[in-house]
Amino acid sequence: MPSGTDRVLVIGCGALGRELVALTANLPSVDIACLPPELHNRPGGIPARVRARIRQGRRDGYEQIFVAYADCGTGGLLDPVLAEEGVERLPGAHCYEFFAGRENFAALADDEPATFWLTDFLARNFERLVIRGLGIDRHPELEATYFGNYRRVVYLSQTNDPELLAMARAAAERLGLAFEHRHTGYGELATSLQAAVGGAALPPTLGVR
């Protein structure tokens, strides 16, 4: 329970949970609340869930709230909710953009638009969220529907973890796509979060397993 106005609530995507915890480890006045990462498979539900969590945070006494989501596939529907609630969010369209940095991501996307992106979270949870989450395990014919137009997988890693790198390679092989690895660290997630809540965040090149 917060004490007066001295605490900050960060409402984040569950896919960023580890990163948010690591980046706020030295900020004892910041509390993290994550929504289910499965929302990304149905992003139309994100705005309502974020609004509900903001209002719960207000009832709990938080006056300063920050939303650790980008647009995340809501098609611009998240921003009007945040404007009405008086809350800011991470900049950009999705986590791939703020991990890689906007300029670097634009260059990567221009180089090969038919790219499927992975982060540490998605590499770790590929089977659960992609294969099972999209029903490919039950209906293998859906794989061509979802991924037939992709040409490569790019793994944007937050940590230097050989096990996750192997998982990302295996995901690309599972989909029959070329594989590239770019280590990004926490990228603009670190600087945006630091600007929003104040204090010292971890350097973007560091991470946790």
Side-chain angles (χ1 to χ4, degrees), residues 1-3 5 7-25 27 29-100 102 105 116-138 142 146 156 158 186-198 201 208:
M1 179 67 65
S3 174
T5 62
R7 300 193 68 78
V8 180
L9 178 64
V10 175
I11 299 170
C13 172
L16 301 177
R18 289 183 181 225
E19 289 76 17
L20 292 173
V21 168
L23 287 168
T24 59
L27 303 175
S29 64
V30 177
D31 298 324
I32 304 295
C34 286
L35 297 178
E38 289 81 2
L39 284 170
H40 278 286
N41 286 346
R42 296 175 179 82
I46 291 174
R49 292 291 297 271
V50 169
R51 187 196 294 275
R53 192 61 185 84
I54 290 171
R55 292 184 175 179
Q56 180 181 332
R58 298 290 190 212
R59 291 193 297 271
D60 289 341
Y62 292 95
E63 293 190 8
Q64 185 177 351
I65 296 176
F66 179 72
V67 168
Y69 272 88
D71 178 74
C72 294
T74 70
L77 297 178
L78 180 59
D79 285 337
V81 168
L82 299 183
E84 291 171 8
E85 299 294 338
V87 173
E88 295 185 355
R89 69 165 172 88
L90 293 168
H94 38 62
C95 60
Y96 317 119
E97 183 177 322
F98 60 67
F99 278 139
R102 278 162 281 188
F105 179 80
F116 184 73
W117 307 91
L118 291 177
T119 61
D120 280 6
F121 176 84
L122 284 173
R124 186 181 293 110
N125 293 281
F126 178 78
E127 288 293 326
R128 178 171 68 88
L129 291 180
V130 178
I131 301 302
R132 297 200 298 274
L134 296 177
I136 295 172
D137 59 327
R138 301 181 300 279
L142 290 176
Y146 286 121
L156 305 173
Q158 286 67 71
Y186 294 143
E188 294 176 2
L189 175 63
T191 53
S192 296
L193 189 63
Q194 182 178 3
V197 305
V208 294

Check your understanding: Can you list the steps and then say if D137 with E127 is a side-chain contact (heavy atoms from CB on, under 4.5 Å)?
Key -> CA-CA 9 Å; D137 59 327; E127 288 293 326; over 6 Å; no
**Study point:** Audit row: R51, E84, salt bridge (charged side-chain N to carboxylate O under 4.0 Å, His left out) steps and yes/no
**Key:** CA-CA 9 Å; R51 187 196 294 275; E84 291 171 8; 2.9 Å; yes
Point to revise | Stepwise side-chain contact (heavy atoms from CB on, under 4.5 Å) check, V87 with R58 | key: CA-CA 11 Å; V87 173; R58 298 290 190 212; 3.6 Å; yes
Quick one, [X] and [Y] - any side-chain contact, counting heavy atoms below 4.5 Å?
X    : Y    : value
D120 : E19  : yes
F116 : V130 : yes
V81  : T74  : no
F99  : L16  : yes
V21  : R18  : no
L9   : I54  : no
I46  : L35  : no
L122 : Y96  : yes

How many angstroms lie between atom [atom1] of [X] and atom [atom2] of [Y], to the nearest 0.5 angstrom?
X    : Y    : atom1 : atom2 : answer
R49  : Y69  : CZ    : OH    : 8.0 Å
L189 : T191 : CG    : OG1   : 8.0 Å
E85  : R55  : CD    : CZ    : 4.5 Å
C13  : E38  : SG    : CD    : 9.5 Å
E63  : R7   : CD    : CZ    : 14.0 Å

Practice item. Using the six-membered ring wherever Trp is involved, compare the ring planes of W117 and F105 and label them parallel, tilted or perpendicular (cut-offs 30° and 60°). Key: tilted
Considering non-hydrogen atoms only, spot the tightest contact between [X] and [Y] and give its length.
X    : Y    : result
D71  : G76  : OD1-N, 2.9 Å
G12  : L20  : CA-CD1, 3.9 Å
P91  : A70  : O-CB, 4.1 Å
L78  : R89  : CD2-CD, 4.0 Å
A123 : L118 : N-CD2, 4.4 Å
P43  : C72  : CB-O, 3.4 Å

Review point. D79 side chain to A83 main-chain N or O, any donor-acceptor pair under 3.5 Å?
Key: no
Practice item. Verify, without hydrogens or angle tests, whether Q64 (side chain) and A196 (backbone) share a donor-acceptor contact under 3.5 angstrom. Key: yes
Point to revise | Residues, nucleotides or ligands: over 12 heavy atoms within 6.0 Å of E88 CD | key: no
Point to revise | side-chain contact (heavy atoms from CB on, under 4.5 Å) between Y186 and L193, worked out | key: CA-CA 10 Å; Y186 294 143; L193 189 63; over 6 Å; no
